[in-house]
Amino acid sequence: MFYRSETETGLDALITIVDHRLKNVLLNVYKNSKIPILLLTHGRGTAKSMVYEVLGYDGRKKTVSVSIQTKNMANQLIKILSERIDFSKEYTGIAFTINVSSISNVLYNLCVQAEENFMLGSEDMVLASAKEPYHLIIAIVNSGFLDQVMTAAKKAGASGGTVVQARGLGSKEAQKYLGITIQPEKDLVLILAPKEKKLGIMESIKNEVGLNTPGTGICFSLPVDSAIGVETMD
């Protein structure tokens, strides 16, 4: 079988969003752990701080990483990251996992082999989402509409988010049936929110910057399995 189903994978996508000054710490953890699949990019936090302004630097710059590995390996990576990075400090960052529902056999075997080569610890870590389920809300809007997205999200209870610049590619069918023009420059906004606030935040974003507005935004969410750093989001 080329693809493995949701019940077979046993894999997690681990997403970390940390202050850009911690980039090398993050990379060292992943390199030493020999992660099989890793994507690294840059983002920008939406929270503003008087401390940043006084010190004269942009503390909102973030390093965003997405990796795929077995659930056991993801738990160990979170444990290692929590030892290297103090996620309890404000503006440091967050890390969370999302279940991978399907993957090709080749990549699956690669992840399993990586776990076999990885020295797994015996101590499990208690993660925040075991008590309070979170969802990752992803909003994609035309460039320049970030403020409207965050104003709408915070109005519905969101504490903050991270924006990543992206490029939109759309088919003629999308323009025909959705009635929108695909603008190349996009803002991809990541918001981690408690489950009970998810629908309200998404509805607020849709009303302010949805498809029928100049922002022509779309919004969707993914359930988060586990998370650390969420206690500092407020």
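Since this is a predicted model, take the numbers as computed values, not measurements.
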- [ ] Check each of Ile15, Leu11, Ile78, Ile228 against Thr97 using the side chain to side chain contact (heavy atoms under 4.5 Å, CB included) test, and report the only one that passes.
- [x] Ile78
Task: NZ-CD distance between Lys34 and Gln113, expressed to the nearest 0.5 angstrom - done: 11.0 Å
Task: Candidate pair Leu22 and Thr63, rule side chain to side chain contact (heavy atoms under 4.5 Å, CB included), full reasoning - done: CA-CA 8 Å; Leu22 295 168; Thr63 293; over 6 Å; no
TODO: Assess whether side chain to side chain contact (heavy atoms under 4.5 Å, CB included) is satisfied between Lys186 and Asn142, documenting all intermediate values.
DONE: CA-CA 5 Å; Lys186 298 288 183 181; Asn142 288 339; 2.7 Å; yes
Task: Separation between SG of Cys111 and CD1 of Ile37, rounded to the nearest 0.5 Å - done: 4.0 Å
- [ ] Check the hydrophobic clustering (I, L, V, M, F, W, Y; side-chain heavy atoms under 4.5 Å; chains of links allowed) and say if Leu199 and Ile205 are grouped together.
- [x] no
Task: Joint hydrophobic cluster, Ile140 plus Val66, side-chain heavy atoms closer than 4.5 Å - done: yes
Task: Straight-line distance of Ser221 OG to Leu192 CG, nearest 0.5 Å - done: 11.0 Å
Task: Minimum heavy-atom distance Val141-Gly217, with the two atoms named - done: CG1-CA, 3.7 Å
Task: Side-chain heavy-atom pair Lys206, Cys219 within 4.5 angstrom cut-off - done: no
Task: Non-neighbouring partners of Ser67 that pass side-chain hydrogen bond (donor to acceptor under 3.5 Å, both in side chains), sequence neighbours left out - done: Gln69
Open item on the list: Quick check: closest heavy atoms across Gly43 and Val164, and the distance to 0.1 Å?
Closed with: CA-CG2, 4.1 Å
TODO: Using side-chain hydrogen bond (donor to acceptor under 3.5 Å, both in side chains) as the criterion, list what pairs up with Asp86, not counting sequence neighbours.
DONE: Ser88
TODO: Return each pair, listed once, that meets salt bridge (charged side-chain N to carboxylate O under 4.0 Å, His left out) where at least one residue sits in residues 208-217; pairs must be two or more places apart or across chains.
DONE: Lys155-Glu208
Task: Minimum side-chain heavy-atom gap Met150-Ile191 below 4.5 Å - done: yes
- [ ] Looking only at non-hydrogen atoms, find the nearest pair between Gly93 and Phe87 and report the distance.
- [x] O-CD2, 3.2 Å
Task: Backbone N/O of Val112 and side chain of Thr70: donor-acceptor pair under 3.5 Å - done: no
Task: By salt bridge (charged side-chain N to carboxylate O under 4.0 Å, His left out) - contacts of Lys198 (at least two apart) - done: none
Task: Distance, nearest 0.5 Å, that separates CG of Leu39 from CD1 of Ile68 - done: 9.5 Å
TODO: Identify the two heavy atoms, one from Ser33 and one from Leu77, that lie closest to each other, and give their separation to 0.1 Å.
DONE: OG-CD2, 3.4 Å
Task: Heavy-atom closest pair, residues Phe96 and Ala227 - done: CB-CB, 3.7 Å
- [ ] Mark yes or no for whether Thr213, through its side chain, and Gly215, through its backbone, hold a donor-acceptor pair below 3.5 Å.
- [x] yes
Task: Euclidean distance, Thr92 OG1 relative to Ile17 CD1, rounded to 0.5 Å - done: 13.0 Å
Task: Asp19 (side chain) donor-acceptor with Arg21 (main chain) under 3.5 angstrom - done: yes
TODO: Could I get the full list of side chain to side chain contact (heavy atoms under 4.5 Å, CB included) partners for Lys195, not counting sequence neighbours?
DONE: Pro133, His135
Open item on the list: Donor-acceptor check, side chain of Ser204 to backbone of Ile201, threshold 3.5 angstrom: yes or no?
Closed with: no
Open item on the list: With a 3.5 Å distance limit and no angle check, can you tell me whether Asp187 reaches the backbone of Val163 through a side-chain donor-acceptor pair?
Closed with: no
Task: Rounded distance [0.5 Å steps], CD1 in Ile94 versus OH in Tyr134 - done: 9.5 Å
TODO: Determine, step by step, whether Val18 and Leu81 satisfy the side chain to side chain contact (heavy atoms under 4.5 Å, CB included) criterion, reporting the C-alpha distance in whole Å, the side-chain angles of both residues, the deciding distance to 0.1 Å, and the verdict.
DONE: CA-CA 11 Å; Val18 297; Leu81 286 171; over 6 Å; no
Open item on the list: Which residues pass the side chain to side chain contact (heavy atoms under 4.5 Å, CB included) test with Leu222, not counting sequence neighbours?
Closed with: Ile98, Ile138
Open item on the list: If you apply the rule side chain to side chain contact (heavy atoms under 4.5 Å, CB included), what do you find for Lys71 with Asn99, and how did you get there?
Closed with: CA-CA 8 Å; Lys71 289 182 179 294; Asn99 176 249; 3.2 Å; yes
